[in-house]
Amino acid sequence: MTVIRQEDFITSVAAALQYISYYHPLDYIQNLAHAYEKEKSPAARDAIAQILINSRMCAEGHRPICQDTGIVNAFVRVGMDVRFEPAPGEPAFDVQQMVDEGVRRAYLDPGNKLRASVLADPAGARKNTQDNTPATVIVDLVRGNKVDIELAAKGGGSEAKSRFVMLNPSDSVVDWVLKIVPTMGAGWCPPGILGIGIGGTSEKAMRLAKESLLAPIDMPELLARGPKTTAEKLRVEIYDKVNRLGIGAQGLGGLTTVLDVKVLDAPAHAANLPVAVIPQCAADRHAHIVLDGSGPVYLDPPSLADWPRLTYDVSGARRVNLDTVTREEAAAWKPGEVLLLTGRMLTGRDAAHKRMSDMLNRGEKLPVDLKGRFIYYVGPVDPVRNEVVGPAGPTTATRMDKFTRQILAETGLLGMIGKAERGPEAIDAIREFGAVYLMAVGGAAYLVSKAIRGSRLVAFEDLGMEAIYEFEVKEMPVTVAVDSKGTSVHQTGPAEWQQRIAGIPILQ
C-alpha cells in the first residue's frame, strides 16, 4: 500500500496548473514554428508570429498565455494500492475536493493570478465562483500503487466549438468532420489540434475526443512512417483535407489550420456510430504528473532556447488615434489592413452587452456614452505587481452578434474589436450603419496587454472581469476584419486560400 499525502496531491495539481498557464508544451511550439516557416499567407503568418512571440513573453514573464485561463479538466487514475492521508487535524478530501483545492490555490496565486471563469447556476443567475472551481474531474480506479494525473485548462472559445453526432454505421466520419469544421468558424483560435472520439456511447465519444488532445503532436512522425491502423489512416486523411479547406491561422486564410488530428476509438453498439470532435486552441495547456508517495511533483521548466526569436514588424501599419477618429476616416480602412490603435477604448463582452440591451429596451440611459467609440470584447486577467491589466486578448465576437444591430442603431458605436469572424446578422448591421469590426489575435493575450497603458472601471462593477472598463492603449495591433462596406476577411481569406492550396502538396 502506497500512502500519498493529501497535501502532496493538492500542491502538485496547483503547481502544474500554474506551469501550464505560462508554458506551452514544447511540441506545440516546435510544430507551430514549422508552420510559420512554411506559411505563404501574409495575414496568417502575421497571426502565427504574434502567437509565438506571445508564448515566449509568457514563458519569460510567467504570465498567462491567454486571458481565458480555462476550465480545468482532470483525468485521475488512482491505483488500487493507494491510500490518501490528510495531515493531522485536516479534513479528509475525496478526489474531486483535492483537485478543486489545487485549482483554488493555482487560480488565486497572488504572483500569477489566473482568471476565474466558472459560473454556478449556469441556466440561471450565472454567478462567478471566484476561484474557478469546480473542476471537471474523471476518476478511474486502476491497478497499481501510483496516482496518474493528466490536467488540461480548456478555454471557452474552443470548448464552445465541440460537436457530437450519432452517425449511421454506414456513414463517413471524414465527410462529417469536413462538413462541420467550416461551421466552427475561427473562435477556437487555429492553428490547433482536432480531437476526435469514435465509438462507445455518446458520453464515451466525448471523453475520448477530450482525452485524445492530451497526447503530444506527432503528425510529422506519422506522415514519415505512414499510417497503419484505421485510427491513424483517419488522422492523416482528416489532417490533409482540413488543411486544404484554407481556413488558416485565426480563420484568415492560409496553409495551416490544424497541426495535428488525434483519434481515439472504442467499441460501439451495432446500430450506432457516435462521433465527437473537440478542437484544441492555440493555448494548448496540458500536463502529466505521477504521484508515488515520495512527495509533491514539480515539472521541470523548458529551455527558452527552444522558442524561436521573432520580432513583430508593424512598420507598414496605419496608425489610428481613437480619441479623434471619425466615421469617414474608418470608411477608408481596407479589409485585411493592419492598424495600430492609440487612445481610449471601452471594453464589454457577453454580460455587459446583455445588460446594456436590457437597459435600452426599458428606455434607460446607459452609464457610458458609446457614440463614436470603439468597444473591445475582452475579459482580462487581474493585474499583478506593476501591471495596468493582466493578459487581455479578445473573446469570440460572434457571441455579441445578436446585440450588434441594436447597439449600433441606438448608441452610435463606431467600431468593435474581438476575435474571429462575425455572422451574417452582425455584418449586415455593420454595413447598414457604416461601422467597422477589427480583429485582435486570439492566443496573444500577454502581447496585447503590453499595449494597454491605463485602465479604469466605468460601469457594471458587479460583473467582475465582464464589467465595462476604459482602456488607454498605445499602438495596439489589430486587423480590419469587416470594413464599413461589409466585406469580411474571414470569408474572402479562406475562399482565396482554398483555391491556392488546391495545387500544393500539403502532406509533403
Side-chain angles (χ1 to χ4, degrees), residues 67-68 115-130 156-157 159-160 185 187 322 325-327 330-331 344-380 392 394-440 455-471 481-486 488 490:
Q67 80 288 339
D68 182 352
R115 197 182 81 181
S117 303
V118 173
L119 307 182
D121 191 14
R126 294 183 66 80
K127 186 176 181 180
N128 198 302
T129 64
Q130 302 298 323
E159 190 77 358
L322 292 173
V325 65
T326 65
R327 201 167 292 272
R344 293 169 298 163
M345 66 173 63
L346 299 167
T347 76
R349 45 177 287 165
D350 310 63
H353 276 74
K354 175 66 166 60
R355 188 168 293 183
M356 287 192 293
S357 178
D358 290 344
M359 292 179 71
L360 291 171
N361 291 338
R362 294 192 297 265
E364 298 173 5
K365 184 179 179 180
L366 297 183
V368 60
D369 185 4
L370 301 182
K371 187 175 182 179
R373 303 292 300 271
F374 278 73
I375 195 163
Y376 182 26
Y377 302 150
V378 62
T395 197
T396 306
T398 49
R399 298 201 309 275
M400 270 54 73
D401 281 4
K402 64 181 180 180
F403 303 113
T404 298
R405 176 172 293 278
Q406 181 183 29
I407 294 294
L408 294 180
E410 298 186 33
T411 72
L413 183 73
L414 174 55
M416 300 146 283
I417 306 164
K419 179 181 77 175
E421 73 283 347
R422 303 308 298 265
E425 178 184 12
I427 292 174
D428 287 345
I430 289 168
R431 181 188 303 111
E432 180 178 345
F433 295 100
V436 291
Y437 167 61
L438 312 176
M439 188 206 82
S455 173
R456 70 179 184 93
L457 178 72
V458 295
F460 308 152
E461 181 177 8
D462 61 298
L463 296 182
M465 62 94 175
E466 295 202 66
I468 296 179
Y469 288 81
E470 184 178 71
F471 284 172
V482 182
D483 71 359
S484 62
K485 301 176 182 63
S488 168
H490 287 99

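The structure displayed is predicted, hence computed values, not measured ones.
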Partner set under side-chain hydrogen bond (donor to acceptor under 3.5 Å, both in side chains) for Asp121, not counting sequence neighbours: none
Which one of His353, Met359, Lys354 satisfies the side-chain contact (heavy atoms from CB on, under 4.5 Å) criterion with Met356? His353
Salt-bridge present (Asp358, Arg355; N to O < 4.0 Å): no
Between Asp68 and Ser117, is there a side-chain heavy-atom distance shorter than 4.5 Å? yes
Donor-acceptor pairs under 3.5 angstrom involving side-chain atoms of residues 370-379: please list them, not counting sequence neighbours.
{"unit_1": "Arg373", "atom_1": "NH2", "unit_2": "Glu470", "atom_2": "OE2", "d": "2.9"}
{"unit_1": "Tyr376", "atom_1": "OH", "unit_2": "Ala392", "atom_2": "O", "d": "2.6"}
{"unit_1": "Tyr377", "atom_1": "OH", "unit_2": "Arg422", "atom_2": "NH1", "d": "3.4"}

Ignoring hydrogens and geometry, is there a side-chain-to-backbone donor-acceptor pair from Ser357 to Phe403 under 3.5 Å? no
Output for pair (Lys419 NZ, Met439 CE), nearest 0.5 Å, gives 10.5 Å
Quick check: does any side chain N or O of Asp401 sit under 3.5 Å from a backbone N or O of Glu425, one acting as donor and the other as acceptor? no
Within the structure provided, determine whether Tyr469 and Pro380 are in side-chain contact (heavy-atom separation under 4.5 Å). no
Find the distance between CD (Glu466) and OG1 (Thr395) and round it off to the nearest 0.5 Å. 8.5 Å
Looking at CD1 of Ile407 and CG of Leu360, how far apart are the two atoms once the value is rounded to the nearest 0.5 Å? 5.5 Å
Do Ile468 and Leu463 come close enough that some side-chain heavy atom pair is under 4.5 Å? no
When you measure from the side chain of Glu421 to the backbone N and O of His490, does any donor-acceptor pair fall under 3.5 Å? no
Between Ile427 and Ser488 the two heavy atoms that sit nearest each other are CD1-CB, 4.0 Å
Quick one: closest heavy-atom pair of Leu322 and Arg344, and the distance? CB-O, 3.6 Å
Of all the heavy-atom pairs spanning Asp483 and Val436, show the shortest one and how long it is. C-CG1, 4.2 Å
What's the spacing between Met345 CE and Leu414 CG if we round to 0.5 Å? 12.0 Å
Please find the pair of heavy atoms, one from Ala420 and one from Tyr437, that lie closest to each other, and give the distance. O-OH, 2.7 Å
Residue pair Ala435 / Met416: nearest heavy atoms and the distance that separates them: CB-CE, 4.4 Å
Reported CD-to-CG distance for the pair Gln130 and Leu119, which is rounded to 0.5 angstrom: 9.5 Å
Of all heavy-atom pairs between Phe433 and Leu408, which one has the smallest distance, and what is that distance? CD1-CB, 3.9 Å
Does atom CD (Glu364) have a neighbourhood of more than 12 heavy atoms from anything else shown, all under 6.0 Å? yes
